[in-house]
2 protein chains.
Amino acid sequence: MERMSLDEVDARHSRPTMKDVAALSGVSIKTVSRVVNGEAGVSSDVAERVLAATVKLDYRRDLSASSLRRGDGKSQTIGLLLEDVSNPFSSALHRAVEDVAREHGVVVFAGSVDEDPDRERDLAAALVARRTDGLVIVPTAPDQSYLARERRNGTPVVFVDRPPVQLEADHVVTDNLAGARDGTEHLVRHGHHRIAFLGDLSTISTARERYEGYVDALGRAGLALAPDLVRRDLRTAEQAQAAVEELLALPDPPTAVFASQNLVTVGALRALRHAGLHRTVAVVGFDSLPMQDLLDPGVTIVEQDVRRLGAIAAEMLFQRIAGDTSPARSVVLPATLTERGTGEIPGPFAS
Amino acid sequence: MERMSLDEVDARHSRPTMKDVAALSGVSIKTVSRVVNGEAGVSSDVAERVLAATVKLDYRRDLSASSLRRGDGKSQTIGLLLEDVSNPFSSALHRAVEDVAREHGVVVFAGSVDEDPDRERDLAAALVARRTDGLVIVPTAPDQSYLARERRNGTPVVFVDRPPVQLEADHVVTDNLAGARDGTEHLVRHGHHRIAFLGDLSTISTARERYEGYVDALGRAGLALAPDLVRRDLRTAEQAQAAVEELLALPDPPTAVFASQNLVTVGALRALRHAGLHRTVAVVGFDSLPMQDLLDPGVTIVEQDVRRLGAIAAEMLFQRIAGDTSPARSVVLPATLTERGTGEIPGPFAS
DNA sequence: CTGAAAGCGCTTACAG
DNA sequence: CTGAAAGCGCTTACAG
């Protein structure tokens, strides 16, 4: 092969390709490809010359071009659709997924959906267009059937935290109903009958399940559901705080609060603290709070195993990417209550 | 053009390409490309037929193939290297970068470096191999000169939170020295002379700058630096907690603590709380704590504007991607102290 | 052990 | 308004 000088090659002054490396080392691009991919069957002096050229040119293989031609067509990327990359639950999930992806040599696109169905669809489309090998999704849209087509055409999808709607697909979720029931029963056991429920957006399945768990626990305890104590669709800590302030102003206020999501719990704690009732009104929250161990009294929380949630979802996805076509699986992880103080404040019926 | 039936096309049962759409609608792939890209100059009946075929086949354009051929070669992706996607500082930065990227129709790869230089290099290489259009990096490695080659070959890089070492490049950072000085001077002003310093890993430039700010403040106040009160290289809340426990056991313990990073602050608060000294020993922290408003007393914090840090870095990156070749710029944002309680606990020399 | 040709899915640069 | 040919950077499938 005709050999080129470094200057001649450099004159192109765009990112070097295998062609440039080939020209500089005087071999064909097929040989460069062999060396770059560490394939056997290249004489050591040629390999050395090629390697030297890659170093001299700072050659970087183009993985997307490579995957375009490759048989499997894998891009070594996956996509992750979260509620909001910056919230503690989402970002813990993100890290768990990343750790599994790294073991597979795969990098991850992450994006925030903000509970907006259009954004879920747009982001999924953007990632499919970039040929991610698969998607892990915390679903928001009222319906995930649109993903059936993507899956059929080769992009596997695994759902986490919430099950998909109108689509049979792998998912990993927490047993929200049982967790919420446990949390509410814990309050009943500590002598509370007037237990308020604070809920996130009812469009979110986990929020509905936690409400069901609350209702279920009251039913089992033979307590009537008091509609005046139920505040759902709270979207922010501020709204939750206002809701609790209203509840406290009731003629017959609650003696305990079941706060079914972490931001909602924060709002409830603020309202109680401002009212000076944080040692009087019991609280059980759902989902861990950052720095909860610094709070006084400590907050009793029903906790999800977020890292396991993310790790299992990612592992399921990689099995699908590897070709697993078995029927969709559903994994349900338990939520566990940890007593820290606020949940053990005794109520009027404490024994 | 010879028209194919849906069954004939579907028989390939792999992800449909423009070729498939072309076959089904009886046109050339160039015409499909025109329709898919919304280019003008296609008769409406042909456009309609092509569109119908894309819908029937669930055709999804392959953006990576498109960008491979395209002149600009942009992949519409960027990479973000963070300390740990799941820590509050990193994930807030992530969200800010994502929001700017979204405006540009760009999706973002995010990854955790965990203060490991090798991981920084590996991740950067993995992203360059996937031809991200640019990189936003919180640098960890002792030297970023390796990125000069990537930049020269067409991948712009912007640094955030910490300046790059051995490389002239755009960066956005907080004025850590001034922030730490302000925080320390705040304690001096409230009557403290024995002020402990708790620091993160000294390999991190921000940790060193904050230490300098502390030293600077003592100097300005005419106070001697007491080496027994300086604890650096604390990597976790647990280590910080242990460090404060040791400090409290000193014959002449500190009356105030300057905790120069959020996890370190958490550890310090725990130690003081356990010792029952959280209303006695003053604390000023650097970097906000999640839920800090629920703590009692509230924690006085020197805060960075994380969202602005991320937004500016992302905007700088997109300018570079758009072709801006002006000299490297450095943006320094102020950190501002917010009084919340712990920083105003009076010391023995309070006036 | 090495290379020329073809092709991955798309767009460019033409031609008609 | 539409299409045939070439090519982006790489790998496959051959041939020698």
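Protein chains get the first letters and strands the later ones, always in sequence-line order, with residue 1 at the start of each. If you're wondering where the values come from, they're calculated on a predicted model, not measured in any experiment.
- Among residues two or more places apart in sequence or in another chain, the ring pair (Phe, Tyr, Trp, His ring centres under 6.0 Å) test is passed with B:Phe318 by B:His104.
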The dot-bracket string of DNA chain D, counting Watson-Crick and G-U wobble pairs with both distances under 3.5 Å, using [ ] for crossing pairs and | for pairs to another strand, is |||.||||||||.|||
Under a 4.0 Å heavy-atom criterion, the protein footprint on nucleotides 10-16 of chain D, written with B, S and -, is BBBB---
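- In this structure A:Phe89 satisfies the ring pair (Phe, Tyr, Trp, His ring centres under 6.0 Å) test with no other residue, sequence neighbours excluded.
- For the residue pair A:Asn37 and A:Arg61, a side-chain donor N or O sits within less than 3.5 Å of a side-chain acceptor on the partner.
- For the salt bridge (charged side-chain N to carboxylate O under 4.0 Å, His left out) condition, the pairs that include at least one residue of residues 154-167 of chain A, sequence neighbours left out, are A:Glu83-A:Arg162, A:Glu115-A:Arg162.
- Applying the 4.0 Å criterion to OP1 and OP2 of D:dG3, one finds that B:Thr31 has a side-chain N or O inside that range.
- Residues passing the side chain to side chain donor-acceptor pair (under 3.5 Å) test with B:Glu150, sequence neighbours excluded: A:Arg60.
- Under the rule for a side chain to side chain donor-acceptor pair (under 3.5 Å), the partners of B:Thr77 that lie at least two apart in sequence or sit in another chain are B:Ser75.
- A:Arg34 pairs by the salt bridge (charged side-chain N to carboxylate O under 4.0 Å, His left out) definition with nothing, not counting sequence neighbours.
- For A:Glu98, the side chain to side chain donor-acceptor pair (under 3.5 Å) test picks out A:Arg102, B:Ser112, with sequence neighbours left out.
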